[in-house]
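Please find one structure pasted underneath; my questions will follow.
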Amino acid sequence: MPSEFPKRVSLLGSTGSIGTQALEVVRAQPGRFTVTALSAQSNAELLVQQAREFRPAAVVIGDESKYQQVRDALANQPETEVLAGAAALTEVAARPDTDVVLTAMVGYAGLLPTVAAIRAGKDIALANKETLVVAGQLITGLVQEHGVRLLPVDSEHSAIFQCLVGEEQNPIEKIVLTASGGPFRGRSREQLAQVTKAQALKHPNWDMGAKITIDSASLMNKGLEVIEAKWLFGLRNEQIEVVVHPQSIIHSLVQFEDGSLKAQLGLPDMKLPIQYALGYPQRLANNFPRFRFLDYPQFTFEEADTSAFRNLALAFEAMQRGGNAPCILNAANEIAVAAFLRDEIGFLEMSDVVESSLARVSYLAAPSLQDYVLTDQETRRVARELAGFRA
């Protein structure tokens, strides 16, 4: 067993889709990982169950009204400190008993804990793409300053990361992010106007939480991944291309200056990129299902329809504009998705809320961390107003 094991892992967002799969990886690799902290926003029951199994030094419940419930349930487990609220999450992310912080919470909430962890010298297994979308320049600067590793967990970015191992001296010509196209691939704007929440929550290939599933259906998820890729791999805007690949087997590709392409392939299973990030630089043996070419006799590719799926075009525009524009994009989208999930706005209206927010919220070319916090707050106020004061 390599000397760097066992790795001490702090798992922020342990009850969501990525978090629960990360704990499956930990279970399947006995002796290689120990869990030092767990957090959840509101799922107190599952958080308690996880804490009893993995016995971390700390658990954080984001919803402070559920603090007593979690504390009482773990009263007989004195080695586990129970905390609550956003400030506690940021404090736990920086604790010295951790080697790698897996940020698996959804949305803007991941930004401040990630900043705290980086400043404390922790490696980051990044499943919270919004951190780089909102504050990519700031985060990559902090990573360099503190000498930590930023290890991507998104399947597409993990694919690119894996393709770049051993290619440090070879400049990238471009990267190709693949997209499944979601459940509404090929539909016109007129057809998308009739889409229901139930239809949007049925992804053809991936099992994810509600917010990410809606983002995938609207192609905003791919737009956020485009911005994330820019910062992860130090790319110019024009070096990033999106191609629809409905089979979701080729997770992304890198093209080098000689025209050669490298791709990473595998079944659509998030446990592999999670394990690769946690175990890096080691590839750990596992019993995950194996891909067979004969099960997929055809790979197909299509151009992404940015006229029907306006969110992808808006993400490229926000990236091109830079500054706090991607932060505005993200905050407006979080409000729009929440409104759609409550049947308060239609599927296409989500893009309307995002586009109008980008036009109305104050633009800053060189924002500080505090500017990002204020931009997020202003955008949410504007987007709630645009969504009818209900989101």
Side-chain angles (χ1 to χ4, degrees), residues 129 133 154-160 162-163 172-196 199-208 212-230 233 235-256 259-270 273 291-320 329 333 337 347-348 350-351 354-355:
K129 63 177 66 66
V133 171
D154 268 352
S155 60
E156 295 83 357
H157 302 93
S158 177
I160 295 163
Q162 293 180 57
C163 289
I172 298 170
E173 185 168 291
K174 71 174 180 179
I175 66 164
V176 180
L177 290 175
T178 54
S180 70
F184 309 128
R185 179 174 59 89
R187 295 200 191 184
S188 66
R189 284 187 64 80
E190 292 72 24
Q191 291 170 316
L192 290 175
Q194 309 305 317
V195 159
T196 66
Q199 292 169 332
L201 285 169
K202 291 181 180 176
H203 194 280
N205 298 334
W206 295 93
D207 181 15
M208 305 172 290
I212 298 176
T213 303
I214 299 302
D215 281 348
S216 295
S218 72
L219 291 197
M220 179 58 89
N221 195 52
K222 200 54 50 180
L224 299 178
E225 288 175 2
V226 165
I227 301 171
E228 181 184 8
K230 171 189 171 73
F233 306 111
L235 301 169
R236 301 184 308 277
N237 298 338
E238 64 270 17
Q239 288 180 290
I240 306 170
E241 181 181 336
V242 172
V243 170
V244 174
H245 167 53
Q247 294 79 25
S248 295
I249 297 299
I250 299 174
H251 294 304
S252 280
L253 309 94
V254 178
Q255 184 166 300
F256 296 96
S260 178
L261 282 161
K262 285 176 72 173
Q264 188 263 334
L265 285 70
L267 294 171
D269 182 352
M270 283 304 300
F291 168 75
R292 292 179 68 253
F293 274 96
L294 296 182
D295 293 336
Y296 293 83
Q298 277 194 323
F299 289 165
T300 59
F301 306 93
E302 305 165 14
E303 187 174 1
D305 184 352
T306 53
S307 60
F309 295 90
R310 179 77 181 129
N311 277 348
L312 183 57
L314 291 172
F316 270 102
E317 290 169 16
M319 179 174 67
Q320 187 70 39
L329 175 95
N333 179 63
V337 171
F347 187 80
L348 290 180
M350 290 191 289
S351 300
V354 173
E355 187 166 16

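Note that this is a predicted model, so its numbers are computed, not measured.
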Closest non-hydrogen atom pair between A217 and F309, with its separation: O-CE2, 3.3 Å
Mind checking what makes ring pair (Phe, Tyr, Trp, His ring centres under 6.0 Å) contact with F256, not counting sequence neighbours? none
Gap between atom CG of N311 and atom CD of E355 - 0.5 Å precision: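 If we round to the nearest 0.5 Å, E355:CD and N311:CG are 9.5 Å apart.
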Nearest 0.5 angstrom please: Q194 CD to S188 OG, how far? 9.5 Å
Is the shortest side-chain heavy-atom distance between H251 and Q162 below 4.5 Å? no
Identify the heavy atoms of A200 and T213 that sit nearest to each other, and give their distance.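 Here A200 and T213 meet closest at O-CG2, 3.5 Å.
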Taking E241 for its side chain and K174 for its backbone only, find out whether a donor-acceptor pair lies under 3.5 Å.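 Absent.
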Can you list the residues that meet the side chain to side chain contact (heavy atoms under 4.5 Å, CB included) rule with K230, with sequence neighbours excluded? N237, I240, M319
Counting only heavy atoms not in E238, do more than 12 fall under 6.0 Å of its CD?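 Enclosed: over 12 neighbouring heavy atoms sit under 6.0 Å from CD of E238.
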Kindly compute the distance separating OG (S155) from CD1 (I250), expressed to the nearest 0.5 Å.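 Reported value, rounded in 0.5 Å steps: 12.5 Å.
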Over all heavy atoms of both residues, which pair between S218 and M350 is shortest? Give the atoms and the distance, please. CB-CE, 4.3 Å
L253 vs I175, test: side chain to side chain contact (heavy atoms under 4.5 Å, CB included). Steps then yes/no. CA-CA 6 Å; L253 309 94; I175 66 164; over 6 Å; no
Just verifying a value: how many Å separate E228 CD and K222 NZ, rounded to the nearest 0.5 Å?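 Reported to 0.5 Å precision, the distance equals 10.0 Å.
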How close do V244 and A304 get, counting heavy atoms only, and between which atoms? CG2-CA, 3.8 Å
Tell me whether the rings of H245 and F299 are parallel (<30°), tilted (30 to 60°) or perpendicular (>60°).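 Rings of H245 and F299: perpendicular, as their planes differ by over 60°.
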Got a sec, which residues hit side chain to side chain contact (heavy atoms under 4.5 Å, CB included) with L329, two or more places apart in sequence or on another chain? M220, L224, I227, L314, A315, A318, V354, L358
Are Q247 and T300 linked by a side-chain donor-acceptor pair shorter than 3.5 Å? yes
Among T306, L219, T178, L312, find the one that has a side chain to side chain contact (heavy atoms under 4.5 Å, CB included) with V242.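 Checked T306, L219, T178, L312 against V242; only one passes side chain to side chain contact (heavy atoms under 4.5 Å, CB included): L312.
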F184 and Q191: side chain to side chain contact (heavy atoms under 4.5 Å, CB included), yes or no, with the steps? CA-CA 9 Å; F184 309 128; Q191 291 170 316; over 6 Å; no
With rounding to the nearest 0.5 Å, note down the distance linking CZ in F233 to CD1 in I160. 4.5 Å
With sequence neighbours left out, write down each residue that passes side chain to side chain contact (heavy atoms under 4.5 Å, CB included) with E173, or none if nothing qualifies.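 Listed in chain order: Q255.
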Check whether any side-chain heavy atom of E302 sits under 4.5 Å from a side-chain heavy atom of P246, and report yes or no. yes
Heavy-atom pair with the smallest gap, counting every atom of L192 and F347: O-CB, 3.7 Å
With sequence neighbours excluded, residues passing side chain to side chain contact (heavy atoms under 4.5 Å, CB included) with S307: D305
Sequence neighbours excluded and cut-off under 3.5 Å, please list the side-chain donor-acceptor pairs for residues 260-267, or say none.
{"unit_1": "K262", "atom_1": "NZ", "unit_2": "C163", "atom_2": "O", "d": "3.0"}
{"unit_1": "K262", "atom_1": "NZ", "unit_2": "E167", "atom_2": "OE2", "d": "3.2"}

Closest heavy-atom contact between S252 and A159? N-CB, 3.8 Å
